[in-house]
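Remember, it's 1-based here, ligands and their atoms both numbered in the order they're listed.
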Amino acid sequence: MKILVTGGAGFIGSNFIRHLIENDPLCHIINLDQLTYAGNLDNLSGLDAHPRYQFVRGDIADRSLVDALAREVAVIVHFAAETHVDRSIVNPDAFIKTNVMGTYLLLEAAKKFNHSRFIHISTDEVYGSREKGYYEEGAPLSPSSPYSASKAASDLLALSYYKTYGLPVIVTRCSNNYGPYQFPEKLIPLAITHALEDKPVPIYGDGRYMRDWLYVVDHCEAIRQVLREGRPGEIYNIGGQGDKTNIDVIHLILEILKKPASLIQYVKDRPGHDRRYAIDPGKIAAELGWRPSHQFDVAIEHTVRWYQEHPAWWKRVKSGEYLEMYEKIYGVSP
Ligand code: NAD
Ligand code: TYD
């Protein structure tokens, strides 16, 4: 099977490409990635010359490029997106262009070349916040940030291509991922790398916000199963129902690193901050037999060690423009 993976130089996309190459000896992958600030070919080191892998630098909102690549494959697995809520608060433009327009052009290309699958990778954030209980796939969407609103728009567009044109689209909505190669602007890698440098670790608001953390390899395996056995037109929630407060996660990271809790710095709250994300993954468990196979306590320790052992990777990406963005919203250097 020849697959076009978009956004394969990012955090989850690069983990997915490695996972698929290792576990599916018949797959051939074309990775289309624009290499924005979040895309990094170091994430795929060792694969450059692999006979079943090819990299193309380009924009998913470039119609002629997307058409030329879609002609070569039967399946698209679509990760490419602007993904950071804080950035979407400061400047939503790229979120609309990539997440909405880019997804539209990929759907059009998949329709034109009669693709057999279009896996649209989405997020639990489209459901919005929930104080108690868990959202199932049929829940109404109530996104809070320009990021989650742009993802919700692309989810609905993707599903409309199934309903209107019969394109075999499947949407996955996953909870917060953590693991190697995550850009250190998201909570877990930011906290680890700041603690390693003995810098303050910023906690927004009261720190009691909750997220369900899933190890990235569990997400990749879920997508692999959806790709093989998922039903067209369906949505699958992917998560571990392991919600934790941000402050508990930070304390655990500091403990693993043997760093003092005095590094924690409470800062202003994020505008429109969602209190808790919570999804019910019962459908993917019942239909495909997928369940997470990594325990948080074990995988977070592995993740912390990975950043500890790869300072060159994160020191290179952790510079420049994102520092300004932080200061603009939170009034402190991250
Ligand atoms: P990321 O920010 O690490 O990577 C995004 C990748 O997309 C980068 O390589 C970037 O260069 C590429 N990209 C951005 N704009 C592009 C464009 N116009 N054309 C081509 N490539 C472009 O993101 P991630 O955390 O790996 O997330 C991947 C997908 O998974 C996203 O769709 C996101 O919404 C979804 N998701 C993420 C999480 C999470 O916790 N990180 C959870 C659920 C769902
Ligand atoms: P983040 O990793 O940005 O993911 P998302 O907002 O998409 O879930 O943030 C996770 C949680 O951590 C969220 O409640 C915001 C909070 N947070 C902090 O408290 N401090 C930080 O420096 C960051 C980046 C996030």
Side-chain angles (χ1 to χ4, degrees), residues 5-16 31-41 43-44 56-62 65-66 77-89 94-95 97-99 101-103 105-106 120-126 129 144-145 147-148 150-151 154-155 172-179 181-191 194 200-214 216 219 223 238-239 244-247 249-250 264-270 272-277 279 317 322 326 329-330 332 334:
V5 171
T6 70
F11 164 48
I12 306 174
S14 61
N15 275 285
F16 177 73
N31 173 15
L32 170 62
D33 197 298
Q34 194 179 12
L35 300 182
T36 66
Y37 79 93
N40 184 352
L41 288 179
N43 299 2
L44 294 153
V56 177
R57 184 173 190 185
D59 187 349
I60 57 163
D62 174 344
L65 175 63
V66 163
V77 183
H78 174 35
F79 294 91
E82 289 292 332
T83 61
H84 190 36
V85 172
D86 292 332
R87 285 175 188 267
S88 82
I89 294 169
F95 289 74
K97 181 167 178 259
T98 291
N99 301 3
M101 199 62 196
T103 301
L105 291 173
L106 288 164
H120 177 67
I121 309 301
S122 189
T123 163
D124 60 358
E125 302 195 23
V126 298
S129 191
S144 302
S145 68
Y147 162 62
S148 51
S150 68
K151 291 297 289 187
S154 63
D155 284 23
T172 61
R173 292 184 180 146
C174 191
S175 56
N176 286 56
N177 284 213
Y178 65 99
Y181 302 110
Q182 186 168 30
F183 193 88
E185 63 184 354
K186 306 280 166 59
L187 179 69
I188 287 181
L190 183 137
H194 280 214
V201 176
I203 285 279
Y204 303 165
D206 64 4
R208 312 298 305 167
Y209 292 83
M210 297 186 89
R211 298 291 184 264
D212 166 24
W213 294 101
L214 187 74
V216 63
H219 186 189
I223 297 167
I238 302 170
K244 290 175 179 45
T245 61
N246 295 337
I247 190 69
V249 171
I250 299 307
I264 295 171
Q265 182 186 32
Y266 284 90
V267 299
K268 267 204 293 202
D269 210 351
R270 170 187 278 172
H273 201 169
D274 283 326
R275 196 67 177 161
R276 173 173 174 262
Y277 294 134
I279 46 167
V317 297
Y322 103 108
Y326 248 83
I329 307 181
Y330 300 105
V332 291

| query | Touching ligand 2 at all, Tyr277? Heavy atoms, strictly under 4.0 Å? | reply |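 Right, Tyr277 reaches ligand 2.
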| Is the closest heavy atom of Glu125 to ligand 2 under 4.0 Å? |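 In this structure, Glu125 qualifies as a contact of ligand 2 - some heavy atom is under 4.0 Å.
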| query | Is it true that Asp59 and Lys97 have a side-chain N and a carboxylate O under 4.0 angstrom from each other? | reply |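 Salt bridge present between Asp59 and Lys97.
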| request: Using a strict 4.0 Å threshold on nitrogen-to-oxygen distance, state whether Arg275 and Asp206 make a salt bridge. | output: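 Answer for the salt bridge query: yes.
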| Donor-acceptor contact below 3.5 Å, side chain Asn15 vs main chain Phe11 |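 Pair found, side chain donor or acceptor close to backbone of Phe11.
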| Under 3.5 Å, is there a donor-acceptor pair between the side chain of Thr245 and the main chain of Tyr209? |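 Side chain of Thr245 to backbone of Tyr209: no pair is present.
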| Heavy-atom distance to atom 21 (C) of ligand 2: which of Phe183, Tyr204, Trp213 wins? |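 Comparing heavy atoms across Phe183, Tyr204, Trp213, the nearest one to atom 21 (C) of ligand 2 lies in Tyr204.
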Does ligand 2 come near enough to [X] that some N or O of the ligand is less than 3.5 Å from an N or O of the residue?
X	value
Ile203	no
Asp274	no
Lys186	no
Leu187	yes
Tyr209	no

List ligand 2 atoms under 4.0 Å from [X], heavy atoms only on the residue side.
X	result
Pro202	18 (C), 19 (O), 20 (N), 21 (C), 22 (O)
Leu190	22 (O)
His84	3 (O)
Val85	6 (O), 7 (O)
His273	13 (C), 14 (O), 15 (C)

| field | Region of Glu185 that comes within reach of ligand 2 [heavy atoms, distance under 4.0 Å] | value |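 Within the 4.0 Å criterion, Glu185 contacts ligand 2 through backbone atoms alone.
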| Which part of Asn176 is near ligand 2, with near meaning a heavy atom under 4.0 Å away: side chain, backbone, both or neither? |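 Answer for Asn176: side chain.
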| request: State the NZ-CZ distance between Lys244 and Arg211, to the nearest 0.5 angstrom. | output: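 Interatomic distance, Lys244 NZ to Arg211 CZ, rounded to 0.5 Å: 14.0 Å.
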| Any cation-pi pair here, Arg270 with Tyr204, using under 6.0 Å and within 45°? |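 Pair Arg270/Tyr204 does not count as cation-pi.
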| Do Ser122 and Asp155 have side-chain atoms, one donor and one acceptor, less than 3.5 Å apart? |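 There is such a pair (donor and acceptor under 3.5 Å, judged by atom type) between the side chains of Ser122 and Asp155.
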| said: Between Tyr147 and Glu125, is there a side-chain donor-acceptor contact under 3.5 Å, judged purely by atom types and distance? | reply: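 Judged by distance alone, the side chains do not pair up.
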Within the protein, flag every N or O under 3.5 Å from an N or O of ligand 1, and note the pair and distance.
residue  : atom   : partner : partner atom : Å
ligand 1 : 2 (O)  : Thr83   : OG1          : 2.7
ligand 1 : 3 (O)  : Phe11   : N            : 3.0
ligand 1 : 9 (O)  : Gly10   : N            : 2.9
ligand 1 : 9 (O)  : Asp33   : OD1          : 3.2
ligand 1 : 9 (O)  : Asp33   : OD2          : 2.6
ligand 1 : 11 (O) : Asp33   : OD1          : 2.6
ligand 1 : 11 (O) : Leu35   : N            : 3.4
ligand 1 : 11 (O) : Thr36   : N            : 3.0
ligand 1 : 11 (O) : Thr36   : OG1          : 3.1
ligand 1 : 18 (N) : Gln34   : OE1          : 3.1
ligand 1 : 18 (N) : Asp59   : OD1          : 2.8
ligand 1 : 18 (N) : Thr98   : OG1          : 3.0
ligand 1 : 19 (N) : Ile60   : N            : 3.0
ligand 1 : 21 (N) : Gln34   : N            : 3.0
ligand 1 : 26 (O) : Phe11   : N            : 3.3
ligand 1 : 26 (O) : Ile12   : N            : 2.7
ligand 1 : 32 (O) : Phe79   : O            : 2.9
ligand 1 : 32 (O) : Ile121  : O            : 3.4
ligand 1 : 32 (O) : Lys151  : NZ           : 2.7
ligand 1 : 34 (O) : Tyr147  : OH           : 2.7
ligand 1 : 34 (O) : Lys151  : NZ           : 3.1
ligand 1 : 40 (O) : Asn177  : N            : 2.9

| said: Check the orientation of Phe183 and Tyr37. Use parallel for under 30°, tilted for 30 to 60°, and perpendicular for over 60°. | reply: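 Ring orientation of Phe183 relative to Tyr37: perpendicular.
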| field | Parallel, tilted or perpendicular, as decided by the 30° and 60° cut-offs, for the rings of His120 and His78 | value |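 Rings of His78 and His120: tilted, as their planes differ by 30° to 60°.
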| said: By the definition side-chain contact (heavy atoms from CB on, under 4.5 Å), identify the one residue from Ser150, Ser145, Ser148 that meets it with Phe95. | reply: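 Per the side-chain contact (heavy atoms from CB on, under 4.5 Å) rule, the option paired with Phe95 is Ser150, out of Ser150, Ser145, Ser148.
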| request: Check salt bridge (charged side-chain N to carboxylate O under 4.0 Å, His left out) between Asp274 and all other residues, then give those that pass, not counting sequence neighbours. | output: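 For Asp274, no residue satisfies salt bridge (charged side-chain N to carboxylate O under 4.0 Å, His left out) once neighbours in sequence are set aside.
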| task | From the options Asn176, Asn177, Asp86, Thr83, select the one residue that forms a side chain to side chain donor-acceptor pair (under 3.5 Å) with Lys186. | result |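 The passing option is Thr83.
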